[in-house]
Amino acid sequence: MNETKAKIGVIGAGAWGTALAQVLSEGQDELLLWARETDVIAQVNGDHENKAFLPGHPLRQNIRATQNLDELAACEALLLVTPAQHLRSCLMALPDSNAALILCSKGIEADTQQLMSEVVQMVRPDNPLAVLSGPTFAHEVAQGLPTALTLACDSEQLWDRLNPLISKPSFRPYYSDDIAGAEIGGAVKNVLAIGCGVVEGAGLGQNARASIISRGYAEMLRYGVARGARAETLSGLCGLGDLVLTCSSTSSRNFSLGKGLGEGQSAKSLLTDRATVAEGASTAPVLQRDAKKRGIDMPIVDAVCALLAGETDSRSIVAQLMGRPLVSERR
């Protein structure tokens with residue numbers, strides 16, 4: 001009976017996957033949450049809480065955790081919330097189905113420099129594809145606080161199919177057909193958030209952080225347009241909106257990582273001590289390589305990469321950025 005009740009499956013039971021499961025389980029008979037960790041499965045099914053990744057947030061009893069991907073074969077929609085570098089292997093392990101695949105992972109694959117949508121199109125070309133992205137902190141979504149974000153779909157028919165499943169009173173998706181734009185905003189902002197965290201940790205002030213946000217957004221636009229995104233998409237929820245949120249709070253894992261770097265801690269120690277993934281750390285060097293290959297100037301991304309590699313310190317990087325040639329703001 002359980003194999004046929006669930007319309008929605010969430011693959012990945014970190015903080016964001018668990019928060020999505022909580023909000024999307026409203027009005028459903030059952031929602032399946034796939035987790036790798038046996039202790040997480042036991043907590044969700046027994047205590048109705050994910051104490052490892054989203055503690056303090058009671059979960060609805062119609063959320064059922066499983067370690068068996070085959071149980072998700074009958075779902076109408078599967079939300080993919082695995083770390084970006086593990087998406088390909090996850091897709092290859094999925095059972096055959098006609099489920100819509102909704103990308104919620106943000107990043108660029110290291111080995112191929114492919115966007116997550118390009119990975120899906122290569123591994124699962126016959127499945128309908130969508131991207132869910134926007135300014136979202138997991139704990140606020142889990143609390144039912146108002147949230148708006150972009151749902152980019154490969155057709156209007158898919159939007160019509162997914163909107164009733166995704167839209168909730170506190171969770172509002174806006175339609176887009178720009179899948180590349182929705183993805184690129186989410187990937188690039190994670191790297192820029194590390195830069196803003198560095199500014200905070202080094203005590204360089206709000207003026208500097210505002211500069212990183214605005215000039216970082218210019219880098220996002222240059223890169224996004226070069227990869228086929230539309231500028232208007234990147235000015236919306238999944239681009240500028242997500243950038244502002246992620247660059248403004250230690251609730252962001254990437255901002256928190258940057259803050260530690262700005263305070264003088266090493267990237268190695270900060271990343272080793274974390275139970276959750278700061279996707280920007282993995283995305284930064286991949287983004288840098290791809291941008292250089294395409295001839296796109298991204299000095300803030302370069303600076304973040306240098307800090308993550310331990311090649312320089314935060315104040316030297318800021319001095320370097322401030323000493324760049326004086327050019328038009330439009331560049």
Side-chain angles (χ1 to χ4, degrees), residues 8 10-11 16-17 19-20 23-24 76-81 84 87 91 99-109 114-122 124-138 140-141 146-193 213 216-247 279 283 287 290:
I8 303 174
V10 176
I11 299 176
W16 183 220
L20 284 169
V23 71
L24 298 183
E76 293 182 23
L78 296 176
L79 283 79
L80 306 175
V81 204
L87 177 67
L91 289 168
L101 301 180
I102 305 175
L103 281 168
C104 305
S105 305
K106 297 177 180 179
I108 303 171
E109 190 174 55
Q114 289 182 328
L115 300 176
M116 297 294 96
S117 62
E118 293 170 333
V119 175
V120 173
Q121 288 161 349
M122 176 175 288
R124 300 296 296 257
D126 297 328
N127 288 83
L129 174 63
V131 174
L132 187 68
S133 184
T136 49
F137 284 149
E140 293 192 8
V141 170
T147 300
L149 64 177
T150 300
L151 180 61
C153 300
D154 62 11
S155 69
E156 286 193 47
Q157 290 77 17
L158 182 60
W159 161 260
D160 291 338
R161 174 179 160 189
L162 293 180
N163 187 35
L165 293 174
I166 301 297
S167 179
K168 304 295 176 184
S170 65
F171 196 77
R172 173 167 181 168
Y174 283 81
Y175 171 67
S176 172
D177 61 359
D178 185 4
I179 285 179
E183 274 202 275
I184 288 168
V188 177
K189 64 90 185 178
N190 281 335
V191 180
L192 301 175
I213 292 173
Y217 177 60
E219 294 187 22
M220 179 190 290
L221 279 176
R222 285 198 294 271
Y223 181 76
V225 170
R227 290 209 63 163
R230 296 198 296 268
E232 58 266 30
T233 305
L234 295 171
S235 70
L237 290 162
C238 58
L240 183 59
D242 205 359
L243 176 66
V244 170
L245 180 71
T246 313
C247 289
E279 287 281 14
T283 301
L287 177 59
D290 194 45

Between Gly181 and Ala229, the two heavy atoms sitting closest are CA-CB, 3.4 Å
Under the salt bridge (Lys or Arg N to Asp or Glu O under 4.0 Å) rule, collect the residues that match up with Glu118, sequence neighbours excluded. Arg227
Between Glu279 (side chain) and Asn190 (backbone), is there a donor-acceptor pair under 3.5 Å? no
For Ala130, which residues count as a side-chain contact (heavy atoms from CB on, under 4.5 Å) partner, sequence neighbours excluded? Ile102, Leu151, Cys153, Leu158, Leu162
Indicate yes or no: at least one non-hydrogen side-chain atom of Leu192 is less than 4.5 angstrom from one of Ile213. no
Any pair with a residue in residues 152-179 that passes salt bridge (charged side-chain N to carboxylate O under 4.0 Å, His left out), sequence neighbours left out, goes on the list, sorted by first then second residue, please. Asp177-Arg230
Got Leu129 and Leu103 here, is their nearest side-chain heavy-atom distance under 4.5 Å? yes
How long is the straight-line distance from CG of Leu101 back to CG of Leu80, given to the nearest 0.5 Å? 5.5 Å
Salt bridge (Lys or Arg N to Asp or Glu O under 4.0 Å) partners of Glu109, counting only residues at least two apart: Arg88
Tyr175: ring-ring contact (aromatic ring centres under 6.0 Å, His included) partners, not counting sequence neighbours: Trp159
Once side-chain contact (heavy atoms from CB on, under 4.5 Å) is applied, do any residues pair with Ala148, and if so which ones, sequence neighbours excluded? Tyr174, Leu237
Distance in Å, Ser117 OG paired with Ile184 CD1, rounded so as to fall on 0.5 Å steps: 8.0 Å
Do Val131 and Thr150 come within less than 4.5 Å of each other through their side chains, counting heavy atoms only? no
Taking only residues two or more places apart in sequence or in another chain, which ones pass side-chain contact (heavy atoms from CB on, under 4.5 Å) with Ala138? Ala15, Trp16, Ala19, Leu54
Quick one: side-chain contact (heavy atoms from CB on, under 4.5 Å) partners of Leu245, sequence neighbours excluded? Pro135, Phe137
Working for side-chain contact (heavy atoms from CB on, under 4.5 Å), residues Ile108 and Asp290: CA-CA 10 Å; Ile108 303 171; Asp290 194 45; 5.6 Å; no
Dump the intermediate steps for side-chain contact (heavy atoms from CB on, under 4.5 Å) on Leu79 and Ile8, then the final yes or no. CA-CA 8 Å; Leu79 283 79; Ile8 303 174; 3.7 Å; yes
Heavy-atom pair with the smallest gap, counting every atom of Val10 and Gly17: CG1-O, 3.5 Å
Heavy atoms only: give me the nearest Gly107-Ala84 pair and the separation to one decimal. CA-CB, 3.9 Å
So do the side chains of Val120 and Asn127 get within less than 4.5 Å of each other, counting heavy atoms only? no
Would you give the length of the straight line joining atom CE of Met116 to atom CD1 of Ile179, rounded to the nearest 0.5 angstrom? 13.5 Å
Minimum heavy-atom separation for Ala99 and Pro128, please, with both atom names. O-CD, 3.7 Å
Assess whether side-chain contact (heavy atoms from CB on, under 4.5 Å) is satisfied between Leu240 and Leu234, documenting all intermediate values. CA-CA 6 Å; Leu240 183 59; Leu234 295 171; over 6 Å; no
Leu243 CG to Cys238 SG distance, which is reported to the nearest 0.5 Å: 11.5 Å
Just jot down the side-chain hydrogen bond (donor to acceptor under 3.5 Å, both in side chains) partners of Ser176, sequence neighbours excluded, or say none. none
For side-chain contact (heavy atoms from CB on, under 4.5 Å), just list the numbers for Leu20 and Leu132, CA-CA rounded to whole Å, side-chain angles, deciding distance to a tenth of an Å, and then say yes or no. CA-CA 11 Å; Leu20 284 169; Leu132 187 68; 4.0 Å; yes
Backbone of Asp242 reached by a side-chain donor or acceptor of Thr246 within 3.5 Å: yes
